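These notes concern the structure reproduced below.
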Amino acid sequence: MSATHTFLNRLEERTAYRRESAATPEPSWVAARRQAGAARFEALGFPTKRDEAWKYTDVRRISEGDFALAQDADFSPTTAATLGLPLDAIRLSFVDGVFSAELSDMADLPAGLGVEPLSKAMSTNHEAVGGSLGRLAGVEFSPFTALNTALADEGAVIRIGSGVVVEKPILVQFFSRANAQPVMSHPRVLIEAGARSQATIIEHYVGEAEAANFTNVVGEALLERGAILSHYILQEASLQDAHIGSLHIDQGRDSRFTSFNINLGGALVRNDLISDLNAEGAEANYYGLFFAQGRQHVDNHTLVNHNAPHTFSNENYKGILGDRARGVFNGKVIVKRDSQKIEAHQSNANLLLSDRAEIDTKPELEIYADDVKCSHGATTGQLDEEAVFALRTRGIDEQTARGLLTLAFAGEVMDKVTLDTVAERVERAVAGKLPERFNLSDLVDVATANQA
Amino acid sequence: MLEVKDLHVTVEGNEILKGLSLTVNAGEVHAIMGPNGSGKSTLSAVIAGKEDYEVTSGSITFEGRDVLEMEIEERAQAGLLLGFQYPVEIPGVKNIYLLKAALNAQRKARGENEIPAPEFMKLVREKLAFMKMDASFLQRAVNEGFSGGEKKRNEILQMLLLEPKLAMLDEIDSGLDIDAMKIVADGVNSLRSEERAVLMVTHYQRLLDYITPDYVHVLVDGRIAKSGDKSLALELESRGYEWVLEESAA
């Protein structure tokens with residue numbers, strides 16, 4: 001039996017299960033879409049190194065695996081609390097892809113904000129979901145999107161009404177358990193940000209240390225005129241987990257999308273971020289940080305389409321690779337004909353902490369307009385040993401000195417992170433626990449107070 | 001306090017120090033002078049723990065401890081501090097962080113608690129004012145984009161805060177205009193006390209007009225060829241090094 005069939009058999013299993021257990025059958029459009037996804041996946045098969053977009057990323061860890069679909073969301077709240085971000089947030093939680101009401105907190109949503117699991121959105125008004133789901137992420141995008149389309153039945157649906165400013169961050173947690181039989185999940189994330197709305201959304205992927213599951217998430221974000229969205233991907237999966245994700249963003253006039261794509265965990269990680277800047281004034285900011293050790297493999301692909309004049313994109317990705325870790329960065333910017341007066345900047349800098357770590361980086365620009373301002377560049381280097389020495393001569397121990405310098409390298413990206421708890425996670429992963437918080441905001445406050 | 005005995009140091013196969021001996025007691029200021037390539041900077045770098053330097057024989061003890069057996073950071077924590085001739089730029093690491101981390105590392109080594117933020121800021125601001133440096137400097141990355149003079153002042157600022165028992169200054173005067181030199185010298189002079197010592201390496205007599213040494217040593221070909229008091233520096237200034245070279249060859 002081929003690898004694709006192993007995966008598609010799970011669909012049959014699930015469909016049979018659903019026929020027996022579900023109170024209401026799936027709407028016909030969902031069933032049709034599943035079939036389309038399955039057919040597409042079957043035709044494409046798993047990507048190989050011969051596919052340009054997967055040249056450096058071997059997915060056999062996934063294709064040769066046998067992943068079941070999780071049946072429940074049992075998970076200790078204590079463990080969940082330990083693993084989760086200590087944030088005062090609206091919380092939507094999934095355990096191996098299954099919604100957990102127990103670990104979620106959606107009480108007191110402000111007026112105009114909808115946050116619900118996909119299953120609930122489907123049962124209340126499936127037609128309202130049907131219009132958007134799959135609109136930005138079609139089955140053509142990649143075999144994994146197709147597979148997700150075939151198998152997805154849960155996820156997060158976030159709708160922010162026009163003019164609504166959501167104060168609390170919206171935290172979507174994906175917990176991965178240490179299962180006897182590894183499982184896979186195919187969650188969807190659907191974000192609709194109404195005109196002039198504003199919100200911060202965090203997708204947090206985390207799990208038990210022994211977890212060895214496969215997460216295949218597909219996200220879609222629609223930003224209407226003037227919407228401002230900060231979006232975090234904090235990927236801290238276990239070191240045996242495989243994580244494939246794509247996020248497709250459609251931006252209207254004067255909208256601003258800021259992405260923080262932070263990858264610290266996972267054995268095999270692939271993220272795709274695709275923005276379509278469809279109207280004047282749309283702005284996309286991509287900040288990325290990946291830190292990999294051991295034999296971790298982290299692949300980040302980004303694509304920004306400047307489809308309209310006066311659109312802006314700014315991308316800064318930093319990679320830190322130790323041991324035998326491998327990183328891939330592929331950032332592409334396409335400026336359509338007639339998309340004049342656009343500005344697109346892109347940079348990728350990588351730090352190799354060991355001789356055996358490896359990075360493949362490829363910034364790409366395709367420009368079909370003539371009045372544009374674009375830049376791109378990539379650098380790769382090692383820690384400055386002179387700086388390590390200089391810090392040690394001030395009494396700072398070697399480990400802290402190296403940690404500090406490694407964090408400093410990530411600084412340009414981390415400076416943009418406004419959520420302290422996220423910054424702390426990065427600090428701990430990259431540098432261990434430093435004597436004081438790195439950004440020292442408390443000291444700055446004291447300094448300012450002293451000056452006054 | 002510091003005892004250097006018959007020190008031989010090799011860098012990339014070349015012997016730079018060839019049996020250097022030196023004793024520095026608490027309360028003393030020593031100046032080491034000498035022509036280019038005589039090994040002046042090597043001495044302080046070896047004491048600080050620079051890794052490319054191989055000590056082939058001899059010993060360095062500081063307050064009875066074998067310095068060569070100590071990690072770089074342990075030397076600093078014990079009170080041995082080197083002010084660099086060319087302070088390195090550390091992008092992304094703010095001065096304030098370096099200062100606090102360094103001070104706390106030292107306190108931790110002494111079994112003391114971390115310094116509370118308000119107390120730390122008060123201390124830093126005091127030292128900044130003394131070095132005539134602006135508070136905005138704290139938020140800048142260590143030495144990044146600093147002028148030569150700013151870098152040197154920064155080295156002294158670190159010293160003022162960390163209060164080393166033995167401050168080693170490697171050509172702290174190079175590249176300084178006269179105003180900056182006075183500020184740097186004031187900083188160094190403020191460190192002088194009965195309990196502390198200063199070891200400065202310099203090429204020029206000029207620095208010694210502002211920081212008066214108790215002892216002046218002339219380093220020639222990896223060895224101290226001549227020692228004297230501050231008048232020796234004046235003599236070197238007027239006569240050059242040739243006569244010392246001839247004397248030591250004789």
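Note that these values count all heavy atoms, side chains included, but never hydrogens, waters or copies made by symmetry. Note on naming: letters A, B, ... go to the chains in the order of the sequence lines (proteins, then strands), and numbering restarts at 1 for each one. Please read these numbers as outputs of a predicted model, since none were measured by experiment.
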Q: Can you tell which part of Leu162(B) gets under 4.5 Å to a heavy atom of chain A, answering side chain, backbone, both or neither?
A: side chain
Q. For chain A, which of Pro87(B), Ala105(B), Ala102(B) has the most heavy-atom pairs under 4.5 Å?
A. Ala102(B)
Q) In terms of side-chain geometry, is the basic nitrogen of Arg428(A) or Glu236(A) positioned less than 4.0 Å from the acidic oxygen of its partner? A) no
(Q) I'd like to verify something: which residue of Leu81(B), Leu99(B), Leu103(B), Leu80(B) has the highest number of heavy-atom pairs under 4.5 Å with chain A? (A) Leu81(B)
Q) Which answer fits Glu398(A), side chain, backbone, both or neither, if we ask what part of it has an atom under 4.5 Å from a heavy atom of chain B? A) both
Q: Give, for atom OH of Tyr97(B) and atom CG of Leu407(A), the distance between the pair rounded to the nearest 0.5 Å.
A: 8.0 Å
Q. What part of Gln158(B) gets closer than 4.5 Å to chain A, counting heavy atoms only: side chain, backbone, both or neither?
A. side chain
(Q) I'd like to know if Lys152(B) pairs up with Asp173(B) as an ion pair, taking the criterion as any Lys NZ or Arg NE/NH1/NH2 lying under 4.0 Å from an Asp or Glu carboxylate oxygen. (A) no
Q: Might you work through the salt bridge (Lys or Arg N to Asp or Glu O under 4.0 Å) test for Arg392(A) and Glu74(B), ending with a clear yes or no?
A: CA-CA 9 Å; Arg392(A) 293 180 71 191; Glu74(B) 286 175 340; over 6 Å; no
Q. Taking Leu391(A), Leu405(A), Ile396(A) one by one, which has the highest count of heavy-atom pairs under 4.5 Å against chain B?
A. Ile396(A)
Q: Against chain B, label Asp397(A) side chain, backbone, both or neither, depending on which of its atoms sit under 4.5 Å from a heavy atom there.
A: both
Q.
Val304(A) vs Tyr286(A), test: side chain to side chain contact (heavy atoms under 4.5 Å, CB included). Steps then yes/no.
A. CA-CA 10 Å; Val304(A) 179; Tyr286(A) 281 10; 3.9 Å; yes
Q. Is a salt bridge present between Arg394(A) and Glu155(B), judged by a nitrogen-to-oxygen distance below 4.0 Å?
A. yes
Q. Quick one: what part of Lys50(B) sits under 4.5 Å from any heavy atom of chain A, side chain, backbone, both or neither?
A. both
